[in-house]
Amino acid sequence: MNAENDDSIKLLKECDAGTKMAISSLDEVLEKVCDLDVKQILTESKGHHEKLRDEISDQLMVKNSEEKEPNPLAKGMSWLKTNMKMGMDNCDATIADLITDGCNMGIKSLYRYLNQYKAADEKAKNLCRRLITIEEQLRQSLQPCL
């Protein structure tokens, strides 16, 4: 396997795990949201993440590679943090804060993977950049709710 294909697969797998983590986090808080505008923002973003996840999955299939699930420890820690914070203060500002933190962590990780897998093909890099954009837009949309 050449470096480009290897880096492309690694980058796509990280993006795949990232979209799944985001969708899982959004699912976790959506039922707890009170404000309809906030619910709309989160639902719309979940749709963007799902569409991109499907495109990433298609690219992994083209490259004969498996999908990647989010790290179980990271997923568990996210669940714990969400439920602890929501238990103390079950309001939309808390949800916006949690999702904003998740976006920040995701954006940082995605930039790190883009730099780490330099030999990835443009298609993989573009999917990664689109995921970064989705995360940045979600973060920005939630700023008035903080």
Side-chain angles (χ1 to χ4, degrees), residues 6-63 65-146:
D6 193 42
D7 274 11
S8 297
I9 289 170
K10 288 177 180 172
L11 182 58
L12 288 167
K13 283 186 170 194
E14 294 302 342
C15 291
D16 187 43
T19 57
K20 290 174 179 172
M21 183 76 172
I23 292 164
S24 169
S25 297
L26 290 167
D27 276 339
E28 208 170 299
V29 298
L30 262 168
E31 65 198 34
K32 299 172 176 125
V33 176
C34 300
D35 185 273
L36 292 178
D37 291 335
V38 175
K39 189 173 231 117
Q40 175 67 31
I41 290 167
L42 299 178
T43 303
E44 224 171 81
S45 185
K46 181 183 170 199
H48 294 310
H49 280 89
E50 289 170 336
K51 182 178 183 291
L52 192 60
R53 177 203 55 206
D54 294 345
E55 289 181 51
I56 293 165
S57 178
D58 290 346
Q59 280 303 301
L60 284 167
M61 254 192 291
V62 166
K63 295 183 181 301
S65 183
E66 301 288 314
E67 294 181 4
K68 181 177 179 183
E69 294 302 316
N71 178 313
L73 183 61
K75 204 169 174 180
M77 294 299 286
S78 171
W79 180 89
L80 191 61
K81 179 180 177 181
T82 298
N83 285 289
M84 282 181 60
K85 279 197 161 192
M86 293 301 295
M88 291 187 290
D89 188 9
N90 190 5
C91 73
D92 292 346
T94 302
I95 291 170
D97 185 53
L98 286 164
I99 296 297
T100 299
D101 283 352
C103 290
N104 288 334
M105 285 189 289
I107 291 164
K108 188 170 126 183
S109 295
L110 290 165
Y111 275 116
R112 185 173 56 248
Y113 296 132
L114 262 180
N115 293 329
Q116 186 175 346
Y117 303 121
K118 288 184 189 320
D121 62 32
E122 276 310 303
K123 195 162 213 152
K125 288 179 181 177
N126 284 335
L127 287 166
C128 185
R129 288 184 196 107
R130 282 177 51 204
L131 181 52
I132 289 169
T133 300
I134 289 169
E135 293 290 308
E136 287 174 338
Q137 288 171 343
L138 177 56
R139 180 180 65 184
Q140 188 174 357
S141 297
L142 290 173
Q143 283 177 355
C145 308
L146 295 171

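In this chain, numbering begins with 1 at the start of the sequence shown. What you are looking at is a predicted structure, and each value in this text was computed from that prediction instead of being measured.
Distance check, rounded to the nearest 0.5 Å: CD of Glu14 to CD1 of Ile56 gives 11.0 Å. A distance of 9.5 Å separates NZ of Lys32 from CG of Leu98, quoted to the nearest 0.5 Å. Taken from CG in Leu52 to SG in Cys15, the straight-line distance is 7.5 Å, to the nearest 0.5 Å. A distance of 9.0 Å separates CD1 in Ile107 from OG1 in Thr133, rounded to the nearest 0.5 Å. With values rounded to the nearest 0.5 angstrom, Met77 atom CE is found 11.0 Å from Asn71 atom CG. Rounding to the nearest 0.5 Å gives a distance of 4.0 Å between CZ of Arg53 and CD1 of Ile23.
Residue Gln140 qualifies as open at atom CD: its count of foreign heavy atoms under 6.0 Å is 12 or below. Environment of CD in Glu122: crowded, with over 12 heavy atoms of neighbouring residues, nucleotides or ligands closer than 6.0 Å. Under a cut-off of 6.0 angstrom, the local environment of NZ in Lys123 is sparse, with at most 12 non-hydrogen atoms contributed by other residues, nucleotides or ligands.
With salt bridges taken as basic N to acidic carboxylate O contacts below 4.0 Å, one links Lys46 and Glu50. Under the 4.0 Å criterion applied to side-chain N and carboxylate O atoms, Lys51 and Glu55 are assigned as salt-bridge partners. The pair Lys10-Asp6 meets the salt-bridge criterion, with a side-chain N (NZ, NE, NH1 or NH2) lying under 4.0 Å from an Asp/Glu carboxylate O.
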Check step by step if side chain to side chain donor-acceptor pair (under 3.5 Å) holds for Glu44 and Gln40.
-> CA-CA 6 Å; Glu44 224 171 81; Gln40 175 67 31; 2.9 Å; yes
Step-by-step side chain to side chain contact (heavy atoms under 4.5 Å, CB included) determination, Leu42 to Leu142 | CA-CA 9 Å; Leu42 299 178; Leu142 290 173; 4.2 Å; yes
From CA spacing to verdict: side chain to side chain contact (heavy atoms under 4.5 Å, CB included), Glu66, Leu60 | CA-CA 6 Å; Glu66 301 288 314; Leu60 284 167; over 6 Å; no
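Ala119 approaches Asp7 most closely through the heavy-atom pair N-OD2, 3.1 Å. In plain terms, the two heavy atoms of Val38 and Cys145 that are nearest each other are CG2-SG, 3.6 Å. The shortest heavy-atom contact between Asp35 and Asp92 is N-OD2, 2.6 Å. Listed here is the closest heavy atom pair of Leu30 and Lys39: O-NZ, 3.2 Å. A pairwise comparison of heavy atoms in Ala120 and Leu11 identifies CB-CD2, 3.9 Å as the closest pair.
At a threshold of 4.5 Å between non-hydrogen side-chain atoms, the residues Leu138 and Cys103 count as touching. Residues Ser8 and Asp121 are in side-chain contact: their nearest non-hydrogen atoms beyond the backbone lie under 4.5 Å apart. At a threshold of 4.5 Å between non-hydrogen side-chain atoms, the residues Thr100 and Gln143 do not count as touching. For the pair Ser78 and Lys75, the minimum side-chain heavy-atom distance is 4.5 Å or more. With contacts defined as side-chain heavy-atom distances shorter than 4.5 Å, the pair Lys125/Arg129 qualifies. Contact of the Lys68 side chain with the Lys20 side chain is not registered, since no non-hydrogen atoms from C-beta on lie closer than 4.5 Å.
Looking at residues two or more places apart in sequence or on another chain, you find no side chain to side chain donor-acceptor pair (under 3.5 Å) involving Ser24.
Remark: the backbone N or O of Asp89 is paired with a side-chain donor or acceptor of Thr94 at under 3.5 angstrom. Side-chain atoms of Lys118 come within 3.5 Å of backbone N or O of Asn115 as a donor-acceptor pair.
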